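Computed from a predicted structure; not experimentally measured.
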Amino acid sequence: MKKQLEIDYSFGYVFDKSKLIVMYPVGSNVIDEEDYEMEVEVAFLEDGIEEAFEESDIKEANATIKPLEMFLMKPNKIIPFVTNIKDANTKAELPKLVKEFDEEYEIKENYINKGYEIKDIYHVFQNVANYIPKENIETLNILKVESEKFDMESFTKTIKENLDEAVDESLIPVNMVKSSLTDRLFVKSDEKDTKSKYVVFATDISTYSKGILCGNKEIVEDLNLDMGDLEISNTKDAGYLINEVDGYLTFKIANFNSQTENKNQVAQIVDYSGIFKSMMINFVNQFVK
C-alpha cells in the first residue's frame, strides 16, 4: 500500500503597511507520497491559488478576511502556505517535510527577514488594534482649502441635483465622526454638527439602469475599468470625506458602506481610486472661490 500524506494548507493574506501575514486555514488534501512534489509545485507556481484550490474555498476565505479590510485596507497579495504535513494513516506529524518545504520555497523566511509577523486569523481579529498601521493620511488629500474660499452650499446642491435619480437628497451630506481606532475610518453620526462629512460622488444604478452614476453627471458603464481600492455596489458608493479643522477644509476619497456586519454605516479613506480620482478632483475644484 502506498504511503499517503495529509497536507494542511493556509492562505496567507499579506498586509504590507502592517508588516503582517494573516493565516486562514483552507483545509487538507490527502495524496500519495510520490505525488507530493508535484502537488506542492502546482500550489506555489504563479497563479497557483486559482489552479490548486476550489473556487468555493477561495471565496469563503476572502469573505472571512473581508472585515479586517475596514482597519488594515485590502491585502497586497495572497499566497498559499503548507502549515502541516502528516502521515495520512497514522496521523503522525512530519515536521521534517514542513521544514524542507519552507527551506525550498523560502516564502516564510523572506517575509520574516523583512520584519513581517505571521499570525492566524483568530489572533488578528482579537487584536486588530495592534496591527493598524500608523500613517499620515494627510498625504491623501485631493484638496485643502480655506473654508471661506469653498462654496460648500453650491457643491452639495449640485451633487444632489446630479444624483437626484439615484440618491435621496437627505443623504447628502452624511455627518460622520472619526473612529478611535484609525484615522482612515469614519462612522455615521446622528449629531447635527460634526467636523466631518461624507458626500457621495459615484453610486450604483443597477436597480434601474446600467453602470455607475457620478456627481458630474457622467455614467461609467464599463465596470471592468480600474476603480482602484474602491468598491461600488448596491450597498457601497464612493465620495468625498470632508474634514474641517482650524479654518481649513480637506477632501479625501472614501468608500461608504451602508450595511456593515455590526449595523454601522462607515466611510473608509482609500489610497488609490483609479478612474475616479481625476473626475473627483476636477469636479470639486469647480467650487473653489
Side-chain angles (χ1 to χ4, degrees), residues 66-73 128-129 132-204 213-215 229-271 273 276 280-281 283-289:
K66 191 73 176 174
L68 286 179
E69 295 181 10
M70 189 179 297
F71 304 102
L72 308 183
M73 300 300 292
V128 67
I132 295 172
K134 293 178 174 60
E135 52 188 341
N136 177 17
I137 64 166
E138 292 310 299
T139 60
L140 299 176
N141 289 337
I142 60 170
L143 175 66
K144 183 175 182 179
V145 61
E146 291 178 58
S147 302
E148 61 184 24
K149 293 183 179 179
F150 187 81
D151 192 344
M152 184 65 74
E153 183 177 348
S154 294
F155 171 68
T156 54
K157 180 181 178 183
T158 304
I159 290 275
K160 287 178 180 180
E161 291 173 350
N162 291 350
L163 297 181
D164 179 58
E165 291 184 7
V167 181
D168 186 335
E169 69 171 30
S170 68
L171 301 177
I172 305 172
V174 179
N175 291 335
M176 312 293 292
V177 292
K178 187 169 71 173
S179 164
S180 60
L181 291 175
T182 168
D183 290 343
R184 281 185 180 266
L185 192 65
F186 290 74
V187 182
K188 181 182 177 183
S189 173
D190 292 329
E191 296 178 28
K192 292 185 178 180
D193 186 22
T194 61
K195 296 296 183 182
S196 304
K197 300 182 186 301
Y198 172 79
V199 175
V200 60
F201 178 82
T203 189
D204 175 72
L213 178 63
C214 299
D229 298 326
L230 294 171
E231 295 181 38
I232 298 178
S233 66
N234 61 345
T235 60
K236 294 182 180 179
D237 51 47
Y240 302 93
L241 197 291
I242 307 167
N243 280 313
E244 184 172 12
V245 180
D246 297 331
Y248 281 85
L249 294 171
T250 60
F251 294 72
K252 301 176 182 68
I253 298 175
N255 238 155
F256 185 83
N257 186 349
S258 62
Q259 292 184 17
T260 62
E261 289 187 359
N262 60 7
K263 310 301 182 185
N264 284 328
Q265 296 186 35
V266 302
Q268 183 184 42
I269 296 168
V270 300
D271 287 326
S273 47
F276 293 105
M280 294 177 71
I281 290 174
F283 180 79
V284 75
N285 273 295
Q286 297 175 38
F287 303 93
V288 176
K289 299 175 184 178

Would [X] and [Y] pass as an ion pair if we require N to O under 4.0 Å?
| X | Y | answer |
| --- | --- | --- |
| Glu138 | Lys252 | yes |
| Glu146 | Lys289 | no |
| Asp271 | Arg184 | yes |

Is the shortest side-chain heavy-atom distance between [X] and [Y] below 4.5 Å?
| X | Y | result |
| --- | --- | --- |
| Val167 | Ile172 | yes |
| Tyr240 | Ile142 | yes |
| Ile253 | Leu230 | yes |
| Phe256 | Met176 | yes |

Is [X] reaching over with its side chain to a backbone N or O of [Y], donor-acceptor style, under 3.5 angstrom?
| X | Y | answer |
| --- | --- | --- |
| Asn255 | Asp237 | yes |
| Thr139 | Asn136 | yes |
| Asp229 | Val270 | no |
| Asn264 | Val266 | no |

Ring geometry between Phe155 and Phe150 (parallel below 30°, tilted from 30 to 60°, perpendicular above 60°):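 The rings of Phe150 and Phe155 stand perpendicular, inter-plane angle above 60°.
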
For a quick test of reading the model, state the closest non-hydrogen atom pair linking [X] to [Y] and the distance between them.
| X | Y | result |
| --- | --- | --- |
| Thr194 | Glu191 | CG2-CB, 3.8 Å |
| Gly215 | Leu163 | N-CD2, 3.9 Å |
| Ser258 | Gln265 | O-CG, 3.4 Å |
| Asp151 | Ser154 | OD2-OG, 2.7 Å |

Atom [atom1] of [X] and atom [atom2] of [Y]: how far apart are they, to the nearest 0.5 Å?
| X | Y | atom1 | atom2 | answer |
| --- | --- | --- | --- | --- |
| Phe283 | Phe201 | CZ | CZ | 6.5 Å |
| Ile159 | Glu169 | CD1 | CD | 13.0 Å |
| Ile132 | Phe71 | CD1 | CZ | 6.0 Å |
| Thr203 | Glu165 | OG1 | CD | 12.0 Å |
| Leu171 | Tyr198 | CG | OH | 10.5 Å |
| Ile281 | Asn141 | CD1 | CG | 10.5 Å |

Taking atom types as modelled, find out whether Asn175 and Ser189 have a side-chain donor-acceptor pair closer than 3.5 angstrom. no

Would you check, one step at a time, whether the test side chain to side chain contact (heavy atoms under 4.5 Å, CB included) holds for Phe186 with Leu241? CA-CA 9 Å; Phe186 290 74; Leu241 197 291; 3.8 Å; yes

Would you find more than 12 non-hydrogen atoms of other residues, nucleotides or ligands less than 6.0 Å from Asp168 atom CG? yes

Inspect the surroundings of NZ in Lys66 and state if more than 12 heavy atoms from other residues, nucleotides or ligands are less than 6.0 Å away. yes

Begin with the C-alpha distance, continue with both residues' side-chain angles, and end with the deciding distance and a verdict on side chain to side chain contact (heavy atoms under 4.5 Å, CB included) for Val145 and Phe251. CA-CA 9 Å; Val145 61; Phe251 294 72; 4.3 Å; yes

Start with the C-alpha gap between Thr250 and Val245, add the side-chain angles, then the distance that decides, and say whether side chain to side chain contact (heavy atoms under 4.5 Å, CB included) holds. CA-CA 8 Å; Thr250 60; Val245 180; over 6 Å; no

Using side chain to side chain contact (heavy atoms under 4.5 Å, CB included), reason through Glu244 and Ser147 one step at a time and then give a plain yes or no. CA-CA 8 Å; Glu244 184 172 12; Ser147 302; 3.1 Å; yes

Using side-chain hydrogen bond (donor to acceptor under 3.5 Å, both in side chains), reason through Asp204 and Ser233 one step at a time and then give a plain yes or no. CA-CA 5 Å; Asp204 175 72; Ser233 66; over 6 Å; no

